[in-house]
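Beneath this line is the structure, given in structure tokens, with notes to follow.
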Amino acid sequence: MAGLTAATALLTVLTAVPAGADGAWHRTGGDVRSGVSGLAYEGPAGDGTGVNALVVHDNKGSGQQRISRITHRADSDDVSPVTWDGPEPVDLEAIEGIPGMPGEYLALTARGIVYRLKVTGSTAKVVDHSPLPSIGAGDDFESFALVARNGKLAALWADRGAGDGRPATLYAAPLTFASWGQPLFGTVTRRAYRAAHPADAGTRHISDITVTGSGRIIVSSAADAGDDGPFDSAVSEAGRVGVSADGKVRVTLATAPAVLGTFPRYKIEAVECLPASADALLGTDDENLGGSVRAVALC
């Protein structure tokens, strides 16, 4: 009954944000260090009026903020710092909760280093860190998602791609963990992906990934003309993923991705489908213009 009540409260809060409303974006900061590069659902807010999520920032300097917590409500977002305890990453671009392991997350840097985190209160402690498998020449990662099916885990991540000349490369692999905490990846498969929108020369075909409960792969794509914009983004249904009882991962990409929503003037780098809801939380890293978060029915 408590779980049902929490899920009902979550739906009530998030569906109060209209999908097409001009004022639905909530600012999370106004400078280059406060953009949202990745986002992971954490749970309902303590007062029942919203949801908590962890966000990572792509800061590179020593001592700069790497991770924060947002409390998203229908009319506002509160942001509080989370202390990073462990080896300091450079350029965090994605974060994802580990299914079945409350309080544990995997965070990914642009160059492909995976950090396993245990989050307790306002501290994120590094349990282990290691590189992704099969990193390709020139790969630049902005996305990471985990899928739990049939008692097995799988990971999805992507090189973001760049315009007409370089589609995104979507990677997938089974995932287990060593006894000391290190992520262990199985056989890696690859698929090329091109965004239907935006279509600019500098389009990042995949800037984040999330997977629905039914296995739909939802991705964001973004165009970036420079640190002051203009920006443009879209969220699309890219295909489906499944994991068999023996742990094999099957990814099927759509011949023509279905664009679920377009978001001019924003550079979306985070998308997270929320449990028990059709809504996704979207996060932007608008460089010198800061960051924003919004809930939209896309899942």
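Residue numbers run from 1 in the order of the sequence given. These numbers were taken from a predicted model, which means no experiment stands behind them.
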Are N288 and D228 close enough that a side-chain donor and a side-chain acceptor fall under 3.5 Å? yes
Could you give all pairs that pass the salt bridge (Lys or Arg N to Asp or Glu O under 4.0 Å) test and reach residues 177-204, with sequence neighbours left out? E142-R204, R204-D224, R204-E269
Pair up each side-chain donor or acceptor in residues 212-222 with any protein partner under 3.5 Å, not counting sequence neighbours, and list the distances.
| unit_1 | atom_1 | unit_2 | atom_2 | d |
| --- | --- | --- | --- | --- |
| T212 | OG1 | S214 | N | 3.4 |
| T212 | OG1 | S214 | OG | 3.2 |
| T212 | OG1 | G215 | N | 3.4 |
| T212 | OG1 | R216 | N | 3.0 |
| R216 | NE | E237 | OE1 | 3.1 |
| R216 | NE | E237 | OE2 | 3.3 |
| R216 | NH1 | C299 | O | 2.7 |
| R216 | NH2 | E237 | OE1 | 3.0 |
| S220 | OG | S207 | OG | 2.7 |
| S220 | OG | D208 | N | 3.1 |
| S221 | OG | H205 | O | 2.5 |

Hydrophobic clustering (ILVMFWY, side-chain heavy atoms < 4.5 Å, transitive) - are L146 and V114 grouped together? yes
Suppose we screen for salt bridge (charged side-chain N to carboxylate O under 4.0 Å, His left out). Which residues come up paired with D246, at least two apart in sequence or across chains? none
Taking atom CD of E272 and atom CG of L54, what is their separation to the nearest 0.5 Å? 10.0 Å
Side-chain donor-acceptor pairs under 3.5 Å in residues 82-94, sequence neighbours left out?
| unit_1 | atom_1 | unit_2 | atom_2 | d |
| --- | --- | --- | --- | --- |
| W84 | NE1 | P87 | O | 2.9 |
| E88 | OE2 | G63 | N | 3.0 |

Do D75 and H26 have a side chain donor and acceptor closer than 3.5 Å? no
Are the side chain of D279 and the backbone of A297 linked by a donor-acceptor contact shorter than 3.5 Å? yes
With sequence neighbours left out, what residues match A158 under side chain to side chain contact (heavy atoms under 4.5 Å, CB included)? S143, L170, I206, I209
Return the set of residues passing side chain to side chain contact (heavy atoms under 4.5 Å, CB included) with A178 (not counting sequence neighbours), or none when no residue passes. W180, Q182, L184
Tell me the salt bridge (Lys or Arg N to Asp or Glu O under 4.0 Å) pairs involving residues 162-184, sequence neighbours left out? D139-R166, D159-R166
Whether W25 and Y266 hold their rings parallel, tilted or perpendicular, with breakpoints at 30° and 60°: parallel
So, using side chain to side chain donor-acceptor pair (under 3.5 Å) as the criterion, who are the partners of E42 when residues are at least two apart? R69
According to the interplanar angle, ranging from 0 to 90°, do the rings of F185 and W157 count as parallel (below 30°), tilted (30 to 60°) or perpendicular (above 60°)? perpendicular
Return yes if a side-chain donor-acceptor contact under 3.5 Å exists between S68 and H57, otherwise no. yes
Co-members of V259 in a cluster of I, L, V, M, F, W and Y side chains, linked at under 4.5 Å: none
If we ignore hydrogens and angles and just use 3.5 Å, is the side chain of S233 paired with the main-chain N or O of I268 as donor and acceptor? yes
Give me each pair satisfying side-chain hydrogen bond (donor to acceptor under 3.5 Å, both in side chains) with a member in residues 106-129, each pair once, sequence neighbours excluded. E104-R116
Run the side chain to side chain contact (heavy atoms under 4.5 Å, CB included) test against P174 and tell me which residues pass, sequence neighbours left out. V249
What residues, two or more places apart in sequence or in another chain, satisfy side chain to side chain contact (heavy atoms under 4.5 Å, CB included) together with D31? R33, S34
